[in-house]
Protein chains: 2
Amino acid sequence: MTSLPSILGGIDPTSDRAVFRQIADQLREAIDRGRFKEGEKLPSEAELVEHYGVSRMTVRNSFSVLQGEGLVHAEHGKGVFVRPRPPVRRLASDRFARRHREQGKSAFIVEADAAGSHPKVDSLEVKEEKASQDISTRLGSVRRVLARRRRYLLDGRPVEFATSYLPLDIARGTQIAEPNPGPGGIYARLEELGHQLDHFEEEIRARMPSPSEVKTLQLASGVPVIHLIRTAFDAAGRAVEVCDTVMAADAYVLSYQLPAN
Amino acid sequence: MTSLPSILGGIDPTSDRAVFRQIADQLREAIDRGRFKEGEKLPSEAELVEHYGVSRMTVRNSFSVLQGEGLVHAEHGKGVFVRPRPPVRRLASDRFARRHREQGKSAFIVEADAAGSHPKVDSLEVKEEKASQDISTRLGSVRRVLARRRRYLLDGRPVEFATSYLPLDIARGTQIAEPNPGPGGIYARLEELGHQLDHFEEEIRARMPSPSEVKTLQLASGVPVIHLIRTAFDAAGRAVEVCDTVMAADAYVLSYQLPAN
DNA sequence: CACGCATACTCGTATAGACGAGTGGGCAAA
DNA sequence: TTTGCCCACTCGTCTATACGAGTATGCGTG
């Protein structure tokens, strides 16, 4: 390996920039310049202590800065590594268009197969429950709803956790209340039930994950989530489904097409 | 103030959960339950050291967890405070529709005024420059572009930084190359120049900000950014503008309407 | 050869102490 | 009363040390 001094500079003790920030700056720049490549191991804490002549906590402090930026991740017993950027899934805004619903499989499976990934859906849960205030408002003041929860994985990595909420008067007793909603998914079933879909509304937020989201999506530190709430409206203008989706932000690019008029 | 023991519990030394995580958990829960309200000061490091009987670094460690989650922020010399959730701007997907372009002011100013906020636009820079690889690709292999940079502020707080790129053969010498593009903005000018706008494509990502973005947007730690890249196409199918926008994620909700067919 | 253990190296957690710097209140001097 | 300083309290930074726990490697034993 190339010697450290040739990659990393020294500390400027006269600078008013904190030492641990100077170290973080140098590591960040080295990563940006490709001196440390994706997945590559950074110098160990001990090596940096040696190189900079600082205490271990100072080095750890700089690592923690870079972790917060999502640039690196530490593995106990192994080292600190440059975080590889996982391939992203691109979600087109027309993925729920009727023409994509004709075939049997879900949009997730179809797209992932096409991209050569191995998709999986787990923690499927379908149950009736009390609607939260927010969901109730979006669905037009319903008290209880059918909730369909599932988690999506790509090549073994969880990337998305979604819950669909439907009014009970629509969904109860139909195939929508079954774990497997059948070909074309619940949107196909809704249309068969006479709720011709008219349009969707999507709300997008980004934020840091809650601890439970970190667990469910196995998120590394420094990875935000995209929170998408989609409401489906039928031709009568009624909200027939709300889908609440939390996505690992480093796994997705959302794409929308908008008319200009 | 209510005594600490009544709000926060103790440490379970038999738990395999790290002490600083247990402290972070208790503080997080207290915040979630509203025992500490938005903007309110948390117990000082010294108080928590006293209460839990741990060292100061351990307490600081738990604070750093909560800061990473964007839940709290520290103010030197004052204390650690529950981060207030700033009001969010809701961006509708039709905000660039032609009918909104008739009046004089920009979408940002109009919407902010309507919301009762005090909008401002600064660091306006308009110049010709070499197109990056990505921008060049999106605009259809142009070498040089006109770049229009500006930062948007709401009630004094920077919330968004945007750069528009336009092909030189379209923009050079027109009002688009002026600091003030005139009523209706550059989209109105483009249409006057014969580039009737047909549709937009928007790509959305979320990620942690770079250090320079933290500076420009004065981001607190634990706040991600939404990165939106919009491409405008004219009726001839040509990409006539790419707008690269970085938004403080805690200041925005994006909203889209999609047809179902 | 195969297995298992010792060992060295990695990061994780925690303590104790020191000094610096920003903030705000109180007190003393003008 | 007003001004200015001091001090107490706050978080920021850094050092030095200790032990625990996960990982990988090599060597010795069976």
Side-chain angles (χ1 to χ4, degrees), chain A residues 1 4 10-27 36 39-68 71-83 211 214 218 220-222, chain B residues 1 4 10-27 36 39-68 71-83 211 214 218 220-222:
Chain A
M1 163 172 133
L4 279 195
I11 297 301
D12 174 6
T14 70
S15 165
D16 52 1
R17 189 148 177 87
V19 174
F20 76 89
R21 291 188 201 284
Q22 293 186 44
I23 296 178
D25 291 344
Q26 292 187 17
L27 290 170
F36 301 113
E40 198 174 325
K41 187 176 166 304
L42 292 183
S44 76
E45 293 176 356
E47 283 173 309
L48 291 173
V49 163
E50 164 95 10
H51 173 77
Y52 286 114
V54 298
S55 82
R56 187 170 160 231
M57 286 310 294
T58 302
V59 169
R60 281 184 62 75
N61 214 339
S62 20
F63 277 158
S64 117
V65 169
L66 299 179
Q67 279 192 48
L71 272 180
V72 306
H73 69 109
E75 291 182 36
H76 195 166
K78 299 212 254 182
V80 177
F81 301 83
V82 179
R83 262 250 300 280
V214 167
Q218 291 171 24
S221 70
Chain B
M1 161 171 133
L4 278 196
I11 297 302
D12 174 5
T14 71
S15 164
D16 52 1
R17 188 150 179 84
V19 174
F20 75 88
R21 291 188 203 283
Q22 294 187 44
I23 296 177
D25 290 344
Q26 294 189 16
L27 291 170
F36 300 114
E40 199 174 324
K41 187 178 165 303
L42 292 183
S44 75
E45 295 177 353
E47 284 173 309
L48 291 173
V49 163
E50 165 94 10
H51 172 76
Y52 286 114
V54 298
S55 80
R56 186 171 160 230
M57 287 311 291
T58 301
V59 170
R60 281 184 62 76
N61 215 341
S62 17
F63 276 158
S64 118
V65 170
L66 299 179
Q67 278 191 51
L71 272 181
V72 306
H73 69 110
E75 291 181 35
H76 194 167
K78 299 212 254 185
V80 178
F81 300 83
V82 180
R83 262 248 302 278
V214 168
Q218 292 172 23
S221 70

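Reminder, nothing fancy here: chain letters follow the sequence lines and each chain counts from 1.
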Take atom [atom1] of [X] and atom [atom2] of [N], then tell me their distance rounded to the nearest Å.
X: B:Gln67; N: D:dG12; atom1: CD; atom2: C1'; value: 11 Å
X: A:Leu48; N: C:dT10; atom1: CG; atom2: P; value: 11 Å
X: A:His76; N: D:dG22; atom1: NE2; atom2: C1'; value: 5 Å
X: A:Asn61; N: D:dT15; atom1: CG; atom2: C1'; value: 13 Å
X: A:Glu75; N: D:dA21; atom1: CD; atom2: C1'; value: 15 Å
X: A:Arg60; N: D:dT13; atom1: CZ; atom2: P; value: 17 Å
X: B:Lys41; N: C:dT23; atom1: NZ; atom2: P; value: 15 Å
X: A:Arg17; N: C:dA21; atom1: CZ; atom2: P; value: 17 Å

Counting side-chain heavy atoms from C-beta on, which of [options] comes nearest to [X]?
X: A:Lys78; options: D:dT15, D:dT23, D:dG12; value: D:dT23
X: B:Met57; options: C:dC11, C:dT15, C:dA21; value: C:dT15
X: B:Val19; options: C:dC11, D:dT10, C:dA14; value: C:dA14

For this session: Using a cut-off of strictly less than 4.0 Å, decide whether B:Thr58 has a side-chain nitrogen or oxygen near OP1 or OP2 of C:dT15.
Result: yes

Exercise. Would you say B:Ser55 reaches C:dA14's phosphate, i.e. side-chain N/O to OP1/OP2 under 4.0 Å?
Worked result: no

For this session: With the side chain counted from C-beta on, respond yes when A:Gln67 and A:Val72 share a heavy-atom pair under 4.5 Å apart, and no when they do not.
Result: yes

For this session: Map A:Arg21 and A:Gly77 onto DNA chain D by nearest heavy atom, then report which one ends up closer to the 5' terminus.
Result: A:Arg21

Problem set entry | 5' priority, DNA chain D, between A:Arg56 and A:Ala18 [closest heavy atom] | A:Ala18

Between [X] and [Y], which heavy-atom pair has the shortest distance, and what is it?
X: A:Phe20; Y: A:Thr58; result: CB-O, 3.5 Å
X: B:Ser221; Y: B:Arg83; result: O-NH1, 3.2 Å
X: A:Asp12; Y: A:Gln22; result: N-OE1, 2.8 Å
X: A:Gln26; Y: A:Tyr52; result: OE1-OH, 2.6 Å

